[in-house]
2 protein chains.
Amino acid sequence: MARTSGSSSQKTGPLVRAAALRLFAQHGFAAVSMRQIAAEVGVQAGALYRYTPDKQSLLFELMQVHMEELLTTWAEVDAGAEPLARLDSFVRFHILHHLDRADAVFISYMELRNLTPENFAQIEAMRAEYERVLEDILLACGGEGLGDPKLTTLAVLAMLTGVNTWYREGGRLDREAVVQSYVAMVRRVVGV
Amino acid sequence: MARTSGSSSQKTGPLVRAAALRLFAQHGFAAVSMRQIAAEVGVQAGALYRYTPDKQSLLFELMQVHMEELLTTWAEVDAGAEPLARLDSFVRFHILHHLDRADAVFISYMELRNLTPENFAQIEAMRAEYERVLEDILLACGGEGLGDPKLTTLAVLAMLTGVNTWYREGGRLDREAVVQSYVAMVRRVVGV
DNA sequence: AAAAGAAATGAACGCCCGTTTAATTGCAAG
DNA sequence: CTTGCAATTAAACGGGCGTTCATTTCTTTT
């Protein structure tokens with residue numbers, strides 16, 4: 001019978017993914033070797049292959065989990081209230097969720113080109129689904145100034161995701177101040 | 001006397017940089033080998049070292065030229081007219097300039113972590129200078145809704161640079177339509 | 001205590017890396 | 001036509017790469 005509790009493999013698997021996440025984000029997928037990941041976990045390189053078929057799958061799984069979590073978490077948060085409240089709620093959610101997962105966000109934007117075509121298509125579909133979420137909210141808000149909805153969606157998402165590139169904990173503005181500023185800016189972009 | 005005209009080195013240098021630019025953008029700095037760059041130029045790997053001291057300098061030079069060109073080109077374009085016209089002009093300039101240099105833009109955002117600390121600091125200084133350009137314009141516009149100027153600057157730049165991630169020639173919207181939409185959106189963000 | 005089998009090791013596989021250097025090529029000046 | 005030198009080659013350097021696999025270690029169940 002297989003070992004079922006306290007086994008090392010139930011710990012090592014997550015450790016491998018955590019190490020890969022951190023190292024990929026810091027140095028880039030191509031610049032990180034399986035031996036580096038193994039060293040971070042405290043294991044030899046060969047042992048990693050009990051937890052992933054290869055390096056590429058390791059990357060894909062990190063992105064996949066990240067995108068799935070993004071979609072399901074929003075689904076839980078979304079109260080489906082009146083359009084304007086939903087918009088504010090989305091802005092807050094996006095910023096805070098992304099700030100809490102800086103490494104995964106970084107990887108998901110920077111390492112798309114290292115995915116196989118099939119894996120890329122899968123990630124891209126989830127990204128499109130997420131964009132659709134915001135687009136639907138914008139359409140429901142329907143500000144009189146709202147121009148092309150798809151273009152506005154992409155503009156707002158770029159603006160929001162951009163926070164990750166400069167926000168630092170303990171900086172001049174805290175999270176709440178940032179959220180409130182962006183809520184106000186997004187409202188103005190949308191024209192409501 | 002040295003050969004002064006029609007020499008091969010006056011051609012090979014630019015070819016090396018062009019090949020590196022394209023390959024770095026497509027596959028990432030770490031994933032591209034000196035042998036790949038050499039093959040693209042039609043030369044052996046060793047020959048590259050007449051045109052760059054090492055791979056890292058090749059990357060740095062590409063970014064440096066890109067950032068310098070960004071700053072000097074804006075300086076030429078900037079008419080220094082009334083604030084609102086300058087803002088519109090900046091939006092137009094940023095979008096079109098970046099769309100014309102997709103590879104260099106991509107590299108300059110994605111490969112920052114592959115720079116040595118000294119090289120990084122130099123690129124970062126130029127980026128800060130560029131941000132300052134927009135911040136000054138925003139302050140001059142001084143919309144009543146304008147919140148934190150630095151935060152607004154970063155939000156607008158993220159929004160504008162984001163165009164590069166989705167715009168495709170021959171798509172649903174042409175450049176002029178995109179520019180006009182963004183001019184309108186940026187005006188609203190700034191509150192003027 | 002013995003058996004079972006999962007987890008991990010460590011060595012090996014063939015291959016590619018960035019960079020250096022002596023030797024060669026080929027153009028242009030004299 | 002010779003000479004000089006810039007441009008390039010080809011080979012080599014030590015080292016790291018992703019991945020595989022026979023073997024060993026370790027933990028749990030019986």
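These numbers were taken from a predicted model, which means no experiment stands behind them. In what follows, chains carry the letters A, B, and so on, assigned in the order in which the sequence lines appear, proteins first and then strands, with residues in each chain numbered from 1. When reading the values below, keep in mind they use all heavy atoms of this one structure, side chains included, and skip hydrogens, waters and symmetry mates.
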Enquirer: Side chain of B:A45, heavy atoms from C-beta onward: which of D:dT8, C:dT19, D:dT19 has the nearest atom to it?
Expert: C:dT19
Enquirer: Decide if the gap between the ring center of A:Y167 and the ring center of A:H98 is smaller than 6.0 angstrom.
Expert: no
Enquirer: Taking a hydrophobic cluster as the set of Ile, Leu, Val, Met, Phe, Trp and Tyr residues connected by side-chain heavy atoms closer than 4.5 Å, whether directly or through intermediates, do A:M126 and A:L157 fall within one such cluster?
Expert: yes
Enquirer: Nearest to the B:Q44 side chain among D:dT9, D:dG18, C:dT20, which nucleotide is it?
Expert: D:dT9
Enquirer: By the 4.0 Å heavy-atom rule, please label B:V32 as base, sugar-phosphate, or nothing.
Expert: sugar-phosphate
Enquirer: Whole-Å distance between C:dT24 C1' and B:R50 CZ?
Expert: 13 Å
Enquirer: Could you tell me how the ring of A:Y182 sits relative to the ring of A:W166: parallel (under 30°), tilted (30 to 60°) or perpendicular (over 60°)?
Expert: parallel
Enquirer: Any idea which of D:dT19, C:dG18, D:dT8 is nearest the B:T12 side chain?
Expert: D:dT8
Enquirer: Salt-bridge test for B:D136 and B:R86: reply yes if a basic N is under 4.0 Å from a carboxylate O, no otherwise.
Expert: no
Enquirer: Should A:Y49 be listed as having a side-chain N or O under 4.0 Å from OP1 or OP2 of C:dT9?
Expert: no
Enquirer: Assign each of A:R35 and A:L48 to its nearest nucleotide of DNA chain C by heavy atoms, then name whichever residue's nucleotide is nearer the 5' end.
Expert: A:L48
Enquirer: Counting just side-chain N and O atoms, does B:S33 come under 4.0 Å of either OP1 or OP2 of C:dC17?
Expert: yes
Enquirer: With nearest nucleotide decided by heavy atoms, which residue, A:M34 or A:A47, maps closer to the 5′ end of DNA chain D?
Expert: A:M34
